[in-house]
Amino acid sequence: MIEVRDLHKSFGHLKVLKGINCHIAPREVVCVIGPSGSGKSTFLRCINQLEQVDSGQIFIDGQELTNPKTDINKVRQQLGMVFQLFNLFPHRTTLQNITMAPIRIKGMKKQDAEDMAIELLRKVGLVDKASVFPAQLSGGQKQRVAIARALAMQPKAMLFDEPTSSLDPEMVGEVLAVMKDLAFEGMTMVVVTHEMGFAREVSDRVFFMDEGLIVEEGLPSQIFDDPQNPRTQSFLSKVL
Amino acid sequence: MYVTALNIITGTSLTEYLMGIRGYVILTSHLGYLLEGALLTLKITALSVAFGMLLGLFFGLFKMSGSRILRFLAAVYIDFFRGTPLFVQILLMYFGVLPLVLTETSPFQAAVITCSLNSGAYIAEIVRAGIQAVDKGQMEAARSLGMNHVQAMWLVILPQAYKIVIPPLINEFIMLLKDTSLVSTIAAEELTHRGRLVYSTYYEAVWVWGGVAMIYLIMTKVLSILGDYVERRLATE
C-alpha cells in the first residue's frame, strides 16, 4: 500500500531523514514512536509530499509519488491526513469543513456530501455539532471533526501526525477511541504518536525512529517488552 | 468720522472688519463649487480603490507565486510605484506615457490610472501580508485533502485573509483620498484644484484653504468611522 525506498530529507544543513525504507500493507496499522527531533513527523509529511524529498522513492498503491509526472493532488486524495493542531477551517462550519473537499474536488452533489458528512459525524459522535464553527468546539471535538474531514475523501490510508499531542489529557481518550474504531474497520493507518498504550494495543507494527532512521521495527510486543536496540531500550525506559 | 469712531470702539479698522466678512462670504458663496470638486475627489478615489484592489490582489499573489517571472514582475511594479513620488508618477503619466498610447487624454483619466497603479502597489503588499498572516497549517490541510494551490487559496486562505486585510486597506483608502489632491497639478478639477482657483481669484487664504481642509477632514473622518464600524462587525463574527 505504502512503500518507501531510501528516503532522504534535509532542512538546510540539517539532515532529518537519512535513508528510510519501509513497506506498509493494506489494512495495517503502524505506529511510529521515537524521541522528538528523530524525524517522525517529517517522515509522515513526506509520505503525502507536504515536504519535498531530497532523494528516494515513495509509492502509494504502486504509483510513484516522487515521480514529477504524478498528479500529486490525485494521490493526496487517497491519503487522509490528521494534524497535531487540527487545522480545521475556522471560517466554515463543522459540516462545511467536511463537505468542502468532496464537493469542490470530487464534484459530489451538495446533498450527497451533506448526507455523508452527517454519517461521518455520527461515527465520531458529533452529529449535534454539524452547524457549529470550529472555535466553539473543544480540542478533542476539533480533532474528531478533522478525522471526519479526512475520511470524507474516502482515502485508502490515513496519516496521523501526533493527533493527541496538543489535547488536554481528558480529551485524549475520545480521539483515540475514534482512531481505534477506524483501525478495527480495517483502515490502513500510519500514526506518529507518544501514546504508548495506544501503540501497544492497536498497532500491528511499531517503528522506532531515532536520528533520521527506523532503528527498530517489530510487533508491539517485541518492541515494548523485548527491545533489541540499546537506543530503543533507553527511549522506552524513559517514557514507560 | 464714523470710521474713526469704529476704530476706537473695536480696535480694528473698518477695512479689516469688512475683510473678515469678505472671506466668509467668498467661502460660503463658493461652497457648492468646492463640493462639486470634492465629489470628483471621491470619484477618483473610489475608482482608484476599486482598480487598485484588483491590481493589488493579483500582484500580491504574484509576489508569492512559484513562478520566478511573476515574482519578478510583481517586484518591479511594486518597487516602482512605492519607490517614486506619486506627484512625479502623475506628471509622467499625464505628460509622458498617456500621450504615447492615446490620441486623446484627459486629466481625469490620467488621475484615475495613476492613482490606481499607485494604490495597487501598496495594496499588493497589504494582500501579501494578509495571506502570510493566515496560519500555514491551513494551506497544508487544504492541500492534504487534494486541493491544488489555486483551490486552496480561493476556498481556504483568501476567505481568512480578507479580515486581516480590511483595517490596513481602509487606511490605504484614506491615504489615497488625501493624495488625490496631487492631481490638481494636471488640472483635474477636484477639490484642491478648485480651491486653488477660488484662492487665486480672491486671495482669501485662511478662509479658502481652511474650508478646503475642512471638507477633506469630513471625508476622511467619515471613511475612518466606516472603517471602525466594519472592523467591529468583523471582530464579532
Side-chain angles (χ1 to χ4, degrees), chain A residues 41 44-52 60 71-92 96-108 133-135 142-143 145-162 166, chain B residues 53 56-57 60-61 63-71 123 126-170 227 229-237:
Chain A
S41 286
L44 198 73
R45 292 162 57 83
C46 281
I47 293 180
N48 74 351
Q49 296 285 282
L50 284 181
E51 303 289 353
Q52 273 202 325
I60 308 293
D71 181 359
I72 183 74
N73 298 316
K74 274 270 182 307
V75 183
R76 279 201 185 116
Q77 293 172 27
Q78 301 167 20
L79 294 169
M81 177 108 179
V82 176
F83 299 86
Q84 182 178 351
L85 295 171
F86 330 121
N87 298 346
L88 291 179
F89 306 136
H91 61 300
R92 290 282 176 265
Q96 290 166 338
N97 261 275
I98 300 172
T99 57
M100 185 192 285
I103 293 174
R104 298 302 187 118
I105 304 173
K106 281 192 170 170
M108 205 180 215
F133 284 88
K142 279 182 197 164
Q143 196 61 300
V145 172
I147 292 172
R149 179 178 68 177
L151 289 173
M153 290 300 283
Q154 291 161 323
K156 292 180 182 160
M158 290 280 286
L159 310 174
F160 294 85
D161 187 5
E162 303 199 26
S166 58
Chain B
M53 287 209 296
L57 177 62
L61 289 170
K63 192 91 193 280
M64 294 182 303
S65 119
S67 152
R68 192 173 291 189
I69 300 164
L70 287 182
R71 276 207 309 274
I123 292 173
I126 293 173
V127 166
R128 186 185 57 81
I131 288 172
Q132 282 174 348
V134 174
D135 178 38
K136 94 181 182 353
Q138 292 290 312
M139 178 55 95
E140 291 185 348
R143 296 305 300 271
S144 79
L145 288 166
M147 293 185 203
N148 62 36
H149 189 82
V150 174
Q151 287 171 323
M153 251 323 160
W154 194 248
L155 295 171
V156 177
I157 306 298
L158 288 179
Q160 296 181 62
Y162 94 96
K163 280 188 187 185
I164 306 170
V165 159
I166 277 179
L169 209 52
I170 286 164
Y229 172 74
V230 173
E231 228 174 297
R232 248 179 294 125
R233 279 286 303 274
L234 287 178
T236 52
E237 237 178 46

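To find a chain, count down the sequence lines: A is the first, B the second, and so on, and within it residues start at 1. Side-chain atoms are counted along with the backbone in the values below, which use heavy atoms only and exclude waters and symmetry mates.
One finds the CD atom of Gln160(B) at 9.0 Å from the CZ atom of Arg92(A) (value rounded to the nearest 0.5 Å). One finds the NE2 atom of His91(A) at 7.5 Å from the CG atom of Leu155(B) (value rounded to the nearest 0.5 Å).
Heavy-atom distances place the backbone of Leu79(A), and not its side chain, under 4.5 Å from chain B. Only the side chain of Arg45(A) comes within contact range of chain B, with at least one heavy atom under 4.5 Å from a heavy atom of that chain. Looking at Gln151(B), the atoms closer than 4.5 Å to chain A (heavy atoms on both sides) all sit in the side chain, from C-beta outward. Looking at Asp135(B), only its side chain comes within 4.5 Å of chain A, counting heavy atoms on both sides.
If you tally non-hydrogen atom pairs under 4.5 Å between each of Lys74(A), Arg149(A), Gln49(A) and chain B, the highest count goes to Arg149(A).
The backbone N or O of Ser144(B) sits nowhere less than 3.5 Å from a side-chain atom of Asn48(A) that would complete a donor-acceptor pair. The backbone N or O of Leu88(A) sits less than 3.5 Å from a side-chain atom of Gln138(B), completing a donor-acceptor pair.
Looking at Met147(B) and Met100(A), their side chains come closer than 4.5 Å, going by heavy atoms from C-beta outward. Between Asn73(A) and Arg143(B) the shortest side-chain heavy-atom distance falls below 4.5 Å. Between Phe89(A) and Pro159(B) the shortest side-chain heavy-atom distance does not fall below 4.5 Å.
When the shell of 6.0 Å around NZ of Lys106(A) is examined, it contains more than 12 heavy atoms from other residues, nucleotides or ligands.
Here the closest non-hydrogen pair linking Gly146(B) and Arg76(A) is CA-CB, 4.1 Å. Contact record, Ala150(A) with Leu145(B): CA-CD2, 4.2 Å, taken as the closest heavy-atom pair.
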